[in-house]
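Reading through the structure tokens given below for one structure.
All values below were derived from every heavy atom in this structure, side-chain atoms included, with hydrogens, water molecules and symmetry-related copies excluded. Note that this is a predicted model, so its numbers are computed, not measured.
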Amino acid sequence: MNISKERHRCLGCMEMYLSFDEVCPYCGYANGAPPKEMYHLAPGTWLEQRYLIGRVLGFGGFGITYVGWDDKLERKVAVKEYLPGDCSTRIPGSEAVTVFEGEKEEQYHKGFQMFMEEGEKLMKFQMFPAIVNVFDCLEANGTAYLIMEYLDGCTLREVLEERKRLDIDETLRMMLPVMNDLEKIHEAGLIHRDIAPDNIFITKENKVKLLDFGSARYVTLTHSKSLSVIIKAGYAPPEQYQSHGRQGSWTDVYGLAATMYRMLTGIPPEDAMERMEKDRLELPSKNGADLLKNQEIALMNALNTAVDSRTATMGEFKAQLFSEGTLTRQKDEKRDNHSGKGLPLFWMGTLAVLCFSAGMGVLFFSGFSRIGGTPQKKMTAPATGLIGNYRGFLYDEVVEEAKKNGIILEIVNTSNEVNGEKLTDDTIGKILSQMPEAGTFPKDWDGKLSVVVSAGTKKSKVGNYGGYSLDDVKEMMQKEHILLQEGEEFSSNIIKGYVAGQSFPKGEEVPAGSAVVVNVSAGEADIDKTKTFQMPEMSGKTFGEALQLAERKGFYVGISEHRYSAKEKKGTVCGQSVPAKTESREGTEVFLVISDGPEQKNVPNVIGREQTDAEKELQAQKLKVKVVHDYNDSYGAGYEKGIVMEQSKKGGTTVNEGTEVTLTISRGSEPTTQERATRRSSVGRGSKKTTRNTQKKKRRQTKEYKKKWTDIKPRKK
């Protein structure tokens with residue numbers, strides 16, 4: 001047997017191994033596996049004939065990160081691709097990026113330019129030990145790529161999940177390199193805006209690295225819908241919840257201080273929007289942290305919600321942490337959002353009229369003290385009036401009504417507690433806070449209302465929503481306690497109004513009550529309705545493969561239903577509304593039926609039943625029947641001839657439809673020696689007689705055959 005000894009580079013870990021099979025012995029990656037999502041680059045793709053693309057390490061609203069190999073310098077790298085999901089995509093099988101038209105195209109190119117500029121700036125910071133190195137910045141496939149240092153280790157979040165909390169000395173030892181490098185980065189005019197435990201990486205050599213530097217900055221465009229990705233409960237300051245919030249070095253100071261608070265106490269700080277309403281943030285020492293008074297004051301000053309009261313720079317934060325003099329606690333001078341200050345006289349008058357008309361004791365813009373309670377009145381606001389109150393309402397119940405009034409509800413965060421109190425799962429999906437607040441109407445407001453929604457204590461699994469109608473997806477999400485947030489439309493060969501993309505991949509676990517953004521197809525694919533083609537056979541193909549056929553042939557596809565199928569594998573097509581080989585025009589809509597695999601059947605217990613009845617009962621359950629016979633002596637009394645004595649699948653077992661069940665049928669009692677002798681004698685005589693009759697019949701048939709041959713044989717001339 002010849003075994004190939006050719007060496008291959010694994011596209012999962014970039015190690016070399018002998019190709020005895022296609023599974024890497026180092027990481028278990030199956031080479032040849034398709035990309036996670038249709039819009040990802042296929043493993044094995046090359047950039048500039050130098051960088052080999054491997055499996056996906058992670059992806060989100062702004063781009064995709066792949067494991068890679070630098071063939072020139074022969075080193076493992078990470079490759080970050082700019083691909084913002086709300087303004088661009090990639091057609092499966094293509095390497096080029098497709099940018100949406102109109103406003104989205106402008107948004108894409110602005111982000112592209114900022115991505116490239118920040119990549120080039122970060123390349124200058126390769127000597128900074130706490131910043132992940134960027135080696136190269138290049139353009140290809142209509143987009144941009146950063147070639148970065150590949151890190152091996154774990155995130156600070158994973159460390160804290162295992163150890164719960166760290167002492168002040170270890171916290172300062174880990175965070176000081178980050179503070180030093182951020183101070184220099186800020187001086188260069190860059191801010192991070194996403195400092196949290198999951199973006200701080202601890203290598204196997206115990207080096208600390210700040211990940212995703214600048215990833216938040218280049219997506220903060222006027223029309224971006226991806227802001228929710230960079231807002232993490234407890235770590236983001238209030239200005240990050242606002243489209244035009246004043247952000248700077250103080251924004252990173254808050255994120256780093258919040259991370260240190262989590263390291264010292266074992267719990268993240270309360271969400272900034274909740275703190276704006278009523279600040280319940282306790283001193284670290286009250287939550288078990290052992291630190292000096294100055295260190296505690298420095299931490300609390302850096303966690304002030306008001307920008308003007310917060311520690312402004314990383315250098316100032318460091319100086320306060322290590323100060324030996326008397327440190328002053330800065331009062332958090334946050335704005336009172338419920339006082340009515342700053343409202344124009346016209347709106348103050350309108351407010352008075354509305355309060356009067358609402359009735360005694362009820363103000364339409366007031367919040368609810370108990371999120372679990374039932375609101376007395378549902379309020380939305382027309383575009384010409386004050387913003388209404390949405391707190392306490394289920395997001396699913398008010399999102400459509402808000403849209404009718406010109407208000408777009410955008411979920412920017414989820415939380416499972418209010419004012420330090422844990423919420424129960426019956427509050428999942430209820431709106432906890434909103435920005436702008438009820439009773440206000442900010443100048444130049446764009447109609448988007450940022451809301452924080454109640455999340456459950458349980459986890460929900462994201463499904464695969466591509467190809468389904470919005471109604472079907474909403475029903476699927478509701479079963480998993482996930483909220484649907486509708487994104488943008490873009491051209492696709494998916495039927496108009498059906499889902500063409502989603503913000504989280506299939507199988508990802510998210511807190512119950514989380515929002516998943518889905519983008520719907522606008523149709524409008526590049527087709528020529530005068531052209532015809534033969535409809536291809538799609539049975540046995542995945543929806544992604546069917547979509548590729550639709551793109552090649554010029555028709556639209558969508559999923560209409562699921563059905564059990566013993567023939568087609570689960571998750572593949574088992575039916576199509578337009579049969580294969582039908583002459584069709586481009587632009588034809590084809591609804592696909594997806595297989596749920598074979599139907600599961602319970603095997604009935606048929607032991608002791610007559611053979612005919614047993615076979616009918618099994619066949620009624622769509623099971624195949626095989627019959628064998630045996631004497632009943634070894635099975636005991638009670639099994640007469642023709643009775644089922646044994647079945648290969650135990651009664652009550654769950655099996656696929658079409659499974660074969662073997663029945664052992666009784667022949668009755670085994671005959672005695674004398675009965676066998678009599679039976680053999682009878683069989684012998686019968687055999688001789690049968691043989692003589694058979695020979696006579698053959699001779700007669702031969703004579704008749706010869707006679708017929710003579711009749712048709714031509715005569716000689």
Practice problem: Ignoring hydrogens and angles, state whether a donor on the side chain of Thr251 or Glu239 is under 3.5 Å from an acceptor on the partner side chain. | Solution: yes
Exercise. Could you please spell out the steps behind the salt bridge (Lys or Arg N to Asp or Glu O under 4.0 Å) verdict for Glu187 and Lys184?
Key: CA-CA 5 Å; Glu187 290 171 359; Lys184 298 169 189 174; over 6 Å; no
Quiz item: What is the minimum heavy-atom distance between Pro177 and Ala130, and which atoms define it?
Solution: O-CB, 3.4 Å
Self-check item: Nearest-0.5 Å distance, CG of residue Leu281 to CD of residue Glu270
Solution: 7.0 Å
Quiz item: Just by distance, with hydrogens left out, do Thr305 and Asp332 show a side-chain donor and acceptor under 3.5 Å apart?
Solution: yes
Exercise. Please step through side-chain contact (heavy atoms from CB on, under 4.5 Å) for the pair Met476 and Tyr465, ending with a clear verdict.
Key: CA-CA 8 Å; Met476 291 159 70; Tyr465 308 125; 3.7 Å; yes
Quiz item: Hey, are Asn304 and Gln330 close enough side-chain-wise for a donor-acceptor pair under 3.5 Å?
Solution: no
Practice problem: Take Leu483 and Ser514, measure what side-chain contact (heavy atoms from CB on, under 4.5 Å) needs, and give me the verdict at the end. | Solution: CA-CA 6 Å; Leu483 304 180; Ser514 295; over 6 Å; no
Quiz item: Would you call Arg163 and Glu158 a salt bridge, taking side-chain N to carboxylate O under 4.0 Å as the test?
Solution: no
Self-check item: Lys/Arg N to Asp/Glu carboxylate O, Glu274 vs Lys278, below 4.0 Å
Solution: no
Self-check item: Value rounded to 0.5 Å, distance of OH in Tyr254 from CD1 in Ile195
Solution: 13.0 Å
Exercise. Output yes when a side-chain donor or acceptor of Asn301 lies under 3.5 Å from a complementary backbone atom of Thr328, and no otherwise.
Key: yes
Quiz prompt | Chi angles and distances behind the side-chain contact (heavy atoms from CB on, under 4.5 Å) call for Asp396, Gln478 | solution = CA-CA 9 Å; Asp396 278 342; Gln478 284 176 340; 4.0 Å; yes
Practice problem: Carefully, step by step, assess Met477 and Lys474 under the rule side-chain contact (heavy atoms from CB on, under 4.5 Å). | Solution: CA-CA 5 Å; Met477 287 186 176; Lys474 188 171 183 179; 5.7 Å; no
Self-check item: Straight-line distance of Leu264 CG to Arg262 CZ, nearest 0.5 Å
Solution: 10.5 Å
Quiz item: So, Lys459 and Glu480, do they make that salt bridge, N to O below 4.0 Å?
Solution: no
Quiz item: Where the side chain of Thr427 meets the backbone of Lys430, is there a donor-acceptor pair that is under 3.5 Å apart?
Solution: no
Quiz prompt | Side chain Ser285, main chain Ala289, donor-acceptor under 3.5 Å | solution = no
Exercise. Indicate the atoms forming the closest heavy-atom contact of Thr265 with Arg165, along with that distance.
Key: O-NH2, 3.1 Å
Practice problem: State the CG-CG distance between Leu156 and Leu210, to the nearest 0.5 angstrom. | Solution: 11.0 Å
Quiz item: How would you list, by chain and number, every residue that makes a ring pair (Phe, Tyr, Trp, His ring centres under 6.0 Å) with Tyr395, sequence neighbours excluded?
Solution: none
Quiz item: Charged N to carboxylate O under 4.0 angstrom, Glu162 versus Arg157?
Solution: no
Self-check item: Closest approach of Tyr261 to Ile267 (non-hydrogen atoms, all atoms of both residues)
Solution: CD2-O, 3.5 Å
Practice problem: Please report the closest heavy-atom contact between Pro284 and Leu299, naming both atoms and the distance. | Solution: CG-CD2, 3.7 Å
Quiz prompt | Interatomic spacing from CE in Met260 to CD1 in Ile168 - rounded to 0.5 Å | solution = 5.5 Å
Quiz prompt | Atom pair CG (Asp252) and CG (Leu182), whose distance is rounded to the nearest 0.5 Å | solution = 5.5 Å
Quiz prompt | Least distance between heavy atoms, Thr65 atom then Lys80 atom | solution = OG1-CG, 3.9 Å
Quiz prompt | Evaluation steps, salt bridge (Lys or Arg N to Asp or Glu O under 4.0 Å), between Arg329 and Glu296 | solution = CA-CA 9 Å; Arg329 173 72 172 101; Glu296 187 165 63; over 6 Å; no
Self-check item: Ionic contact status for Glu508 with Lys461, cut-off 4.0 Å
Solution: no
Quiz item: Is there a donor-acceptor pair closer than 3.5 Å between any side-chain N or O of His192 and the backbone N or O of Leu211?
Solution: yes
Quiz item: Would you say the side-chain atoms of Asp290 pair up with the backbone N or O of Asp167, donor to acceptor, closer than 3.5 Å?
Solution: no
Quiz item: Is the shortest side-chain N to carboxylate O distance from Glu149 to Lys209 below 4.0 Å?
Solution: yes
Quiz item: Which atom names give the shortest non-hydrogen contact between Leu321 and Ala298, and what distance separates them?
Solution: N-CB, 3.7 Å
Quiz prompt | Distance-only side-chain donor-acceptor flag, Gln247 / Arg193, under 3.5 Å | solution = yes
Quiz item: Where the side chain of Asn294 meets the backbone of Ser323, is there a donor-acceptor pair that is under 3.5 Å apart?
Solution: yes
